[in-house]
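Inspection log for the structure reproduced underneath, given as structure tokens.
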There are 2 protein chains.
Amino acid sequence: MTLNSAINAVTVVSRLKDKGYRITAQRQALVEKLIESDKALSASEIWEKLKVQYKEISLDTVYRNLHVLVDLGALIPINAMGKDSVRYELVFTSHHHHIVCVKCGKSQCIDFCPVDPQLIITLKKHGYELVRHNLELFGVCRQCNAS
Amino acid sequence: MTLNSAINAVTVVSRLKDKGYRITAQRQALVEKLIESDKALSASEIWEKLKVQYKEISLDTVYRNLHVLVDLGALIPINAMGKDSVRYELVFTSHHHHIVCVKCGKSQCIDFCPVDPQLIITLKKHGYELVRHNLELFGVCRQCNAS
DNA sequence: CTCACTGCAAATGCTTTGCACTATA
DNA sequence: TATAGTGCAAAGCATTTGCAGTGAG
């Protein structure tokens, strides 16, 4: 864990405390797993990671804590990336997108954002205050293009 | 139904025939409902519309035909627009995106695309042939901002 | 006449919820 | 101690699938 993400773990936990949430071992572990991961995870993926340490942890607890963290604004739910279930990503993660290969289904991070920053102003004219955006890119990867 | 969308209905049906699919009353009706609609619909919304004419039509058939049309490339599944189920949109519909209010959940079409066209070239350098993209915008609408 | 398509019913998979017990604050 | 959080089991949805009957080509 880097120094930067260590600060983030503390940030999340203290934000939980501020809001009156109790810090349980399961909740703390869940936050740590999310921080350790560099990509967005689904509820069951997080569950699998947690079960290594906490054999007894239930999937319901994972879901409930994910909701808490979303309400807190520490986590963003992404319904995208293929057709699977919802994935959760920490808001600290630097802004980026993913491209999914429509043939093999593999996904890759795209480290830049092709969305025009002017969008915020244009949306304001439409009456909207932009909170966040998520761009799904679908394409054919090099390997699949070759075959 | 406009002349333009009438052409599209014929296009879809003939594309189905070309691929060896049979044209059933249910399948034909489903295509028509999609064309009549100006927005992306969920499977059950389409089912409700179809039941007006075909009381006996089953939801399974709706799902199966939606998959056929997606495979055919005539329909695009959108997992976004709030937290609900998947919605389907005809590819003929002019390219646009939606913004969803994070407070009330209402969505609105945004008739322009803020994605940099340069993206296609950049992705090619990464080895990807871009097929399509979907941009999810989340914000707070005027009404919710006021209250 | 053949086999894709359909309706039915049951199964699946993800997510949520009620309840009684546990443990944080 | 009070009550938020937990595990368990069961319920809810959206979606998928097996099967036998039906109908398009």
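Each chain gets a letter, A, B and so on, in the order the sequences are listed, and its residues count up from 1.
- Residues A/Y128 and B/L137 have side chains not in contact (no heavy-atom distance under 4.5 Å, counting atoms from C-beta outward).
- Boundaries of the chain A contact region on DNA chain D are D/dT3 to D/dA9, first to last in 5' to 3' order (nucleotide atom under 4.0 Å from a heavy atom).
- Between A/V86 and A/Y88 the shortest side-chain heavy-atom distance falls below 4.5 Å.
- At whole-Å resolution of the value, OH in A/Y54 and C1' in C/dA23 are 14 Å apart.
- Shown here are the side-chain hydrogen bond (donor to acceptor under 3.5 Å, both in side chains) partners of B/Q26, two or more places apart in sequence or in another chain: there are none.
- Regarding B/D71, its CG atom lies at a distance of 15 Å from the P atom of C/dA4, rounded to whole Å.
- DNA chain D is contacted by both B/Y63 and A/V62; A/V62 maps to the nucleotide lying nearer its 5′ end (nearest heavy atom per residue).
- Within residues 18-28 of chain B, the residues that have a heavy atom under 4.0 Å from DNA chain D are, in order of number, B/R22, B/I23.
- Per the geometry, CG belonging to B/L50 stands 11 Å off P belonging to C/dT6, to the nearest Å.
- Axis deviation across the helix from C/dC1-D/dG25 to C/dA25-D/dT1 amounts to 40°, comparing end segments of five pairs, rounded to 10 degrees.
- Applying the side chain to side chain donor-acceptor pair (under 3.5 Å) definition to pairs two or more places apart or across chains, those involving residues 59-77 of chain A are A/R27-A/N65, A/S58-A/D60, A/S58-A/T61.
- Not counting sequence neighbours, the partners of B/Q53 by the side-chain contact (heavy atoms from CB on, under 4.5 Å) test are B/K33.
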List, one per line, each side-chain donor-acceptor pair under 3.5 Å for residues 110-124 of chain B, sequence neighbours excluded.
{"from": "B/D116", "atom 1": "OD1", "to": "B/Q118", "atom 2": "N", "distance (Å)": "2.9"}
{"from": "B/T122", "atom 1": "OG1", "to": "B/Q118", "atom 2": "O", "distance (Å)": "3.1"}

Using a cutoff of under 3.5 Å, can you pull out all pairs of nitrogen or oxygen atoms linking the protein to nucleotides 8-12 of chain C, with atom names and distances?
{"from": "C/dC8", "atom 1": "N4", "to": "B/D60", "atom 2": "OD2", "distance (Å)": "3.4"}
{"from": "C/dA9", "atom 1": "N6", "to": "B/D60", "atom 2": "OD2", "distance (Å)": "2.3"}

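- Taking the salt bridge (charged side-chain N to carboxylate O under 4.0 Å, His left out) definition, one finds that B/K17 meets it with nothing, sequence neighbours left out.
- Counting to the nearest Å, the C1' atom of C/dC14 and the CD atom of A/E48 are 14 Å from each other.
- Residues B/E89 and B/H98 form a side-chain contact, since some pair of their non-hydrogen atoms from C-beta on lies under 4.5 Å apart.
- Sequence neighbours left out, the pairs with a member in residues 42-59 of chain A that pass salt bridge (Lys or Arg N to Asp or Glu O under 4.0 Å) are A/E45-A/R87, A/E48-A/K51.
- In this view, A/V31 and A/V12, A/I35, A/L69 satisfy the side-chain contact (heavy atoms from CB on, under 4.5 Å) rule, not counting sequence neighbours.
- Heavy-atom minimum distance, A/Q28 versus A/I23: OE1-CG2, 3.3 Å.
- In this structure, the CG atom of A/N65 is 14 Å from the C1' atom of C/dT24, given to the nearest Å.
- Note on A/H67: every side-chain N or O is 4.0 Å or more away from OP1 and OP2 of C/dT15.
- In this structure, B/H96 contributes its side chain and B/C109 its backbone to no donor-acceptor pair below 3.5 Å.
- A 4.5 Å side-chain heavy-atom check between A/L90 and A/L75 finds at least one atom pair inside the cut-off.
- In this entry the distance linking CG of A/L41 with P of C/dC14 reads 15 Å, nearest Å.
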